[in-house]
Amino acid sequence: MAEEKNYENIRYDYSLSGENREIIQEYWAESVEMNRNYEVCYTVGMRGIHDSGFVTEVIDQDTSLTQSERTEKKIHLLEKVISDQREILKEVLGEEKGNSVPQTFIPYKEVLDLYDGGLQVPEDVTLIWVDDNFGYMRRYPGKEEQERKGGNGLYYHASYWASPGMSYLFFNSIPLAQTGNELKKCWESGIRKMWVLNVGALKPLEIDMEFFLRYSWEAGKNTRNTKDVTQFISRWINRNFSGNFGMDAAEIYNLFAQINNVCKPEHLQSDKFSQNAYGNEAKYRIDILKDLSDRAGKIYQFLPEEEKDAFFELFLMKLQASYYINASFYFADRSRFFWEQGGMQAADSYLEKSRQMDRRKQELLYYYNHLMQDGKWEGILTPESFSPPPTVLYPAAKPALVIGAASLGVIREDNFIFHSHGGIEKIITLFNKGCGEIGYKAAVPKWLEVSETEGCVAAEKILTVRIRESERKICFEQGRTGQIIITGEDGIRYEIEIQAEKETAYPYREHAFYAEADGYISIPADGYSENVCTKEAAWRKIEYLGRGWGAAMEAFLEAAQDRAIESDAPGISDIRQDCYLKYPFFLENSGAFLLEIHRFLTLNPTGKVRFAVGVDNERPVLIETDTVDEWKGCWKDAVMNDGEKLYHMLPWLSSGYHILKIYPVDQYVTLNKLVIYTEKWKESNFGPFESAFYDGIKWNTAKGADMIPVNTEENQSGFWRELYGNPADRELLLPMLYAAPDFWKTERLYTRSDEKENRLGVVRYTCCQDGTKDILHQFGEGLFMEVDGIAAFEAEYALENSENAYVTASLPDGKYYWSHTQAETDGGSGFAMMIEGKGRYWENALEGPGMHYRIRIQNPGTYFVWLLMKFEDADSDSCYLLADGMQQDADRIFSSHGGFFTYSMKQRWHWRAVAALDLNAGEHILSVMGKKSGLRIDRIYMTQGNEWPPVDADWRESRRILFE
């Protein structure tokens, strides 16, 4: 509008009076006029552009004001904004309609402080309360707000373009149980006038959208289709598809949403799930996702042809895409895991599996956009391209650099002790350190059984170890020790000590209890033995709200404000008689042990989030979290992990029977799981699986490695490849993106990047025919020659550690280096360099890890240095560039706010001009120094020209020359 009317230098700032304010009013008035014939709800108030705060330059620059005076003036200005907007409504719509038309005010983050500071909102305006953008309500209206004439409304998210690295825009993974429970709490808290759902892209969120709308329509009614999410999904499936698959689909979808929401696919990072703490939780999770995808796939195959496309769009696509993405990360993590153990063949094998999963995902997207319904939905599901921001791509694996002769390697669990009520199986992993196959034999005590006692290992082989069923009773009555000896045909021998612990004397006749075993007692929150409630306070069970699986327990307090207590309040001991969850447990060892509490995220920015913990008859201890609102405490980690873990050291407890009690303190506090660690705590995502429970009659077996689904083979891969169409590589290859030296001269954060068609080159790095491999010998030798104003070379050459290309460690600790990962160049066989880990930062360019390259310049002048790079977010988007040890002046660096981040380039490989160097003729050292860990660099291109670096098929690297 401003451009069309030749308005210049107009700013969206109401503190600028005169013409600027008049033009803003004109803009608002025209918007009302455009929509006068529609059923419209008008939002009053004001905030800045791109979700920024209320812009008030005149007030902010008034140095005579104190902070409180400045806030007061902003409040008065915002009140004037609202008053002027309401006058505009009456002027444009007429007095009667202008007064009666629905109006809302959103006390959201940009203006929430002003609202809490005393902003007067007209009584007939509806207050809209907002979640934290991730499906967790931030706050609810107080008593006075509930009595307002305008009432209260809700703005809820099922999709969100967030801060770097936090967006979730592919498909919604918030469980319907969570959405339903948040809506229930809103209704209970008086939010009943208007509910709005931010749904983003419609296609992947049809179920979620309909659930929200139906819940909104049915809220407050005794009989509701949405009261039971299982019934809702079942009816939804049976209404839209034949075959009566509703209950099967509901079971699939509920577990899928829970296991997926632990870490949304868009938020996946390397090593998110442990492979060796309390079992392989990473494999357990990926096997569940695959099992769910396969089960949904079988439903698809039973449907009539005319229903299959709709089922794929509405249901199946999400399950398959989630499995492919998660599997690509799991296999990449597995590749790095074996590289660190010396299993180089397995490192390469798992990289290939990761690439296969990535390709399967690309084939799915190609089918969805181009083949299904003859391309009807082309362009509607493009999670790898901007906009919106691309989802996670290319998880970092670690391919082998060198593979030599075959040799046996063994990985075993830290604690090879069998407990009568612990995990049934133990795992031994065999791997080949070299090429080909390596034979092995295992000598095993007679009371044990091993899945294989001899055979050959190529990349990896898993051996399961358990006590023979016929030997279990005597083993645990008397206790036993033994040794498994594994010998490779290369002569290497591994001795593994095994122990069966004598069973303790349990109080079978007296109590039910959870039993200590394997170094912990793990209790689901809904696994209580007693739920003691009153009319004023209760714990209520919320099905399908557990983290990953199961239910959660939520506190409901009729008079929440009266329940708030301080830790030194005189009446704190009375809580024991009021309301609590009771968990009996049995300790084999005495000590002061760590209690880990898994908390479902509830927020309370105007109050506190607390509960109390008591053991036996001891006085309860108050547990409080700082995570009470977005960007407070551990909120970011909590929304990225679907919950928060809190810790408390229990008092010294003797061995034997005890009672753990959990008391509610603040409204809606919700718990998923409780873990008492009796041995050293190990870092993991889920924590230990549920411990064995004696119910007074029989034992319920502990859950562990035996929970892993049996069928994990790619038994349907051929069917899906046929359906997806097996497109050619060129159909799936993403365009190459470019950021030239003038990239930052225009606003780039939210805009598309320049690009051109990408084409792969020939495969460069491969194994020899005998399976051996030596990548370093393919690098060549000598310094890098600039010819005709161009020098081009691979970043991985620094791995050779010669005088012409080498790496250096971080200073002063020497802990961190640039190391290698895979790249998509060299026909898909390439290497890149990265500093592993998250969140490491070097403020001094000379102290970061370095990659250094000796270059001979023949044509002196200015060179633009381009890097082929990939970053995940704003925490991994930067490096330093030095020439002959000297950092470049700021005007010679092409970056913004100290980094390279833009939404269009996150997760994507792209060429970026990072600096301009003035180089004389002769030899120089070019250094790429670490600034933020996680950045990947594949290639380096230096040019005196303005051309873009070539794509892979056209890449020609500089000659390397040896000089005496």
Side-chain angles (χ1 to χ4, degrees), residues 399-402 761 764-765 773-811 814 816-823 825-826 829-835 845-869 879-888 911 914-931 935-944 949-950 955-964:
L401 296 172
V402 176
R764 177 181 180 183
Y765 297 121
K773 184 179 182 182
D774 192 343
I775 298 301
L776 299 178
H777 275 77
Q778 299 184 47
F779 289 174
E781 55 184 342
L783 53 74
F784 304 93
M785 288 291 296
E786 169 269 315
V787 177
D788 296 330
I790 294 175
F793 47 93
E794 304 279 356
E796 67 264 21
Y797 289 167
L799 292 170
E800 70 185 40
N801 278 320
S802 69
E803 62 177 341
N804 297 306
Y806 55 96
V807 295
T808 53
S810 59
L811 299 176
Y816 304 107
Y817 286 87
W818 290 89
S819 60
H820 72 280
T821 184
Q822 85 280 12
T825 50
D826 288 319
S829 69
F831 286 75
M833 299 292 285
M834 69 181 295
I835 304 168
L846 298 178
E847 293 182 354
M851 298 187 291
H852 311 276
Y853 308 90
R854 189 180 302 275
I855 305 165
R856 171 159 290 192
I857 297 296
Q858 301 181 104
N859 296 285
T862 299
Y863 284 82
F864 295 111
V865 181
W866 295 70
L867 301 179
L868 180 55
M869 66 167 60
C879 63
Y880 299 105
L881 198 71
L882 278 60
D884 300 318
M886 300 296 292
Q887 194 170 352
Q888 305 307 297
W911 275 108
V914 298
L917 304 181
D918 295 323
L919 300 176
N920 299 323
E923 291 186 10
H924 299 272
I925 297 291
L926 179 73
S927 300
V928 180
M929 307 297 292
K931 184 177 182 180
L935 177 69
R936 302 185 212 178
I937 298 176
D938 180 358
R939 285 173 168 167
I940 301 170
Y941 185 82
M942 302 171 58
T943 178
Q944 289 183 320
W955 176 255
R956 302 292 181 270
E957 66 180 25
S958 298
R959 289 183 300 130
R960 300 189 66 177
I961 304 294
L962 283 171
F963 289 89
E964 293 293 334

Check whether any side-chain heavy atom of Ile940 sits under 4.5 Å from a side-chain heavy atom of Leu867, and report yes or no.
yes
Which atom pair, heavy atoms only, marks the closest approach of Met869 to Val914?
CE-CG1, 3.9 Å
Residues Trp866, Arg939; criterion side chain to side chain contact (heavy atoms under 4.5 Å, CB included); working and verdict
CA-CA 8 Å; Trp866 295 70; Arg939 285 173 168 167; over 6 Å; no
For Phe831 and Arg764: C-alpha separation, side-chain torsions, deciding distance, then whether side chain to side chain contact (heavy atoms under 4.5 Å, CB included) applies.
CA-CA 10 Å; Phe831 286 75; Arg764 177 181 180 183; over 6 Å; no
The single option from Glu800, Glu786, Glu923 that satisfies salt bridge (charged side-chain N to carboxylate O under 4.0 Å, His left out) with Arg854 is Glu923
Nearest 0.5 Å, please: how far is CG in Leu882 from CG in Leu917?
9.5 Å
What's the shortest heavy-atom distance between Val807 and Met851, and which atoms?
CG1-CG, 4.3 Å
In Å and rounded to the nearest 0.5 Å, what is the CG to CZ distance from Asp774 to Phe779?
9.0 Å
Below 4.5 Å, heavy atoms only, C-beta onward: do Cys879 and Ile937 meet side chain to side chain?
yes
Polar side-chain atom of Ser802 near backbone of Asn804 as donor-acceptor pair, under 3.5 Å
yes
Residues two or more places apart in sequence or in another chain: which of them pass ring-ring contact (aromatic ring centres under 6.0 Å, His included) with Phe793?
Phe784, Tyr853
For residues Pro860 and Gln944, report the shortest heavy-atom separation together with the two atoms involved.
O-NE2, 3.1 Å
Full working for side chain to side chain contact (heavy atoms under 4.5 Å, CB included) between Tyr765 and Gln778
CA-CA 8 Å; Tyr765 297 121; Gln778 299 184 47; 3.7 Å; yes
Check: Val787 main-chain N/O paired with Arg959 side-chain donor or acceptor under 3.5 Å
no
Heavy-atom closest pair, residues His924 and Ile857
CD2-CG1, 3.7 Å
Using 30° and 60° as the class limits, which term best fits the ring planes of Trp911 and Tyr941: parallel, tilted or perpendicular?
perpendicular
Check the pair Leu799, Met833 against side chain to side chain contact (heavy atoms under 4.5 Å, CB included), reporting the backbone distance first and the verdict last.
CA-CA 9 Å; Leu799 292 170; Met833 299 292 285; 3.6 Å; yes
If you define the side chain from C-beta out and look only at heavy atoms, does anything of Ile961 sit under 4.5 Å from Arg856?
no
At what distance, to the nearest 0.5 angstrom, does CG of Asp918 lie from OG1 of Thr862?
4.0 Å
Can you measure from CD1 (Ile855) to CG (Leu783) and round to the nearest 0.5 angstrom?
9.0 Å
Rounded distance (nearest 0.5 Å) linking atom CE of Met929 with atom OG1 of Thr808:
5.0 Å
Residue pair Ala792 / Arg956: nearest heavy atoms and the distance that separates them
CB-O, 3.8 Å
Pairwise distance CD(Glu794) to OG(Ser958) - rounded to 0.5 angstrom
10.5 Å
Backbone N/O of Met886 and side chain of Gln888: donor-acceptor pair under 3.5 Å:
yes
Of all heavy-atom pairs between Ala400 and Ile775, which one has the smallest distance, and what is that distance?
O-CG1, 3.9 Å
